[in-house]
Amino acid sequence: RGTVCGAVGVTGLLGVIACCVLPRWRVSVYTGSTNELVIFDGLWMSCVKQDTKQHCKVHDSTLDSPFDLQAAGPLTIISCVLSVISLFILFFDANFITCEQNKDARPKITLAAVGLQMAGLLVIIPVSWVAHTTVRDSYNPKLLNVLKRELGVCIYIGWAAGVLMILTGVLLCCLSRPRSSCSGGTTSYYSNRASAANNDVI
């Protein structure tokens with residue numbers, strides 16, 4: 001169970017990293033008589049694809065992006081950092097894989113679970129914000145068609161990554177609930193057998 005939770009958490013982290021790196025938050029497609037022009041907007045760069053050629057340009061300043069993308073950048077980075085810290089605590093500090101019911105590991109597992117849930121929310125909030133703005137602008141009759149955008153693949157990746165993070169956190173909270181620990185259960189078992197043997201001898 002611990003390995004499954006860790007794998008789901010790592011998958012969510014990879015999704016957050018993809019959202020942070022890939023310039024696929026918004027997409028614009030312009031079809032001409034002879035060719036097709038596609039514009040991709042990301043957190044840090046914009047790309048223009050024409051036929052089979054693609055050119056990307058890193059933003060000189062965060063102010064070059066719309067306000068929602070400006071806010072999405074820091075939130076996504078915080079989500080990524082928080083996910084890395086939580087998974088590090090889970091795998092290397094909480095002894096989770098060896099014994100997920102160890103009493104000493106429970107507080108650290110709970111801390112990692114809360115961190116992953118917060119990381120999931122921090123990636124869901126910006127992608128939902130950008131998605132809301134994009135859909136609202138696409139149905140705005142006062143906005144020129146040239147300025148209208150469509151949802152990019154990073155929006156869907158962000159939603160999936162956020163859900164995986166929150167799911168991992170919930171599962172960790174369930175697994176870290178007080179029950180008999182690995183070492184405690186073994187010790188109690190042998191102690192009871194020894195007591196029973198002594199009673200038989202008497």
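When only modelled atom types and interatomic distance are considered, R26 and T134 share a side-chain donor-acceptor pair under 3.5 Å.
Linking ILVMFWY residues whenever their side-chain heavy atoms come closer than 4.5 Å, directly or via other members, leaves L116 and V114 in distinct clusters. Residues I89 and L171 do not share a hydrophobic cluster, defined by chaining ILVMFWY side chains whose heavy atoms lie under 4.5 Å apart. If you chain together hydrophobic residues whose side chains sit under 4.5 Å apart, F88 and L82 never meet in one group. Residues L75 and M118 share a single hydrophobic cluster, defined by chaining ILVMFWY side chains whose heavy atoms lie under 4.5 Å apart. Hydrophobic clustering (side-chain heavy atoms under 4.5 Å, transitive across Ile, Leu, Val, Met, Phe, Trp, Tyr) keeps V21 apart from V153.
By the 6.0 Å contact criterion, CE on M45 is enclosed, its count of non-hydrogen atoms from other residues, nucleotides or ligands being greater than 12.
When side chains are defined from C-beta on, W25 counts as touching V127, because their heavy atoms get closer than 4.5 Å. The closest side-chain heavy-atom distance from I39 to C47 is not below 4.5 Å. Proximity of H59 to S46: side-chain heavy atoms (C-beta onward) are separated by under 4.5 Å at one or more points. Side-chain contact between L43 and I77 is absent, with no heavy-atom pair separated by less than 4.5 Å.
Once rounded to the nearest 0.5 Å, the distance linking CD1 of I155 with SG of C19 reads 7.5 Å. The CD atom of Q117 sits 12.0 Å away from atom CG of L122, with the distance rounded to the nearest 0.5 Å. Distance check: L69 CG to T76 OG1 gives 9.5 Å after rounding to the nearest 0.5 Å. In this structure, T168 OG1 and L13 CG are separated by 10.5 Å, a value rounded to the nearest 0.5 Å. Taking OG of S28 as the reference point, atom CG of D41 lies at 6.0 Å (rounded to 0.5 Å).
The shortest heavy-atom contact between G9 and L87 is O-CD1, 3.8 Å. Residue L151 comes nearest to V27 through the heavy atom pair O-CG2, 4.4 Å, listed as atom of the first residue, atom of the second, then distance. S79 and A119 get closest at one heavy-atom pair: OG-O, 2.7 Å. Listed here is the closest heavy atom pair of V123 and G162: CG1-CA, 3.5 Å. Minimum interatomic distance between G158 and I124 (heavy atoms only, all atoms of both residues): O-CG1, 4.4 Å. In this structure, F40 and P23 approach most closely via the heavy-atom pair CB-O, 3.0 Å.
Side-chain atoms of Q70 come within 3.5 Å of backbone atoms of S65 as a donor-acceptor pair (strictly under, hydrogens ignored). Looking at W44, its side chain does come within 3.5 Å of a backbone N or O of C20 through a donor-acceptor pair. With hydrogens and angles disregarded, a donor-acceptor distance shorter than 3.5 Å links the side chain of T133 to the backbone of W129.
K49 pairs with exactly one of Q54, E36, H55 by the side chain to side chain contact (heavy atoms under 4.5 Å, CB included) rule, that one being Q54.
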Chi angles and distances behind the side-chain contact (heavy atoms from CB on, under 4.5 Å) call for S86, M165: CA-CA 10 Å; S86 300; M165 289 290 188; over 6 Å; no

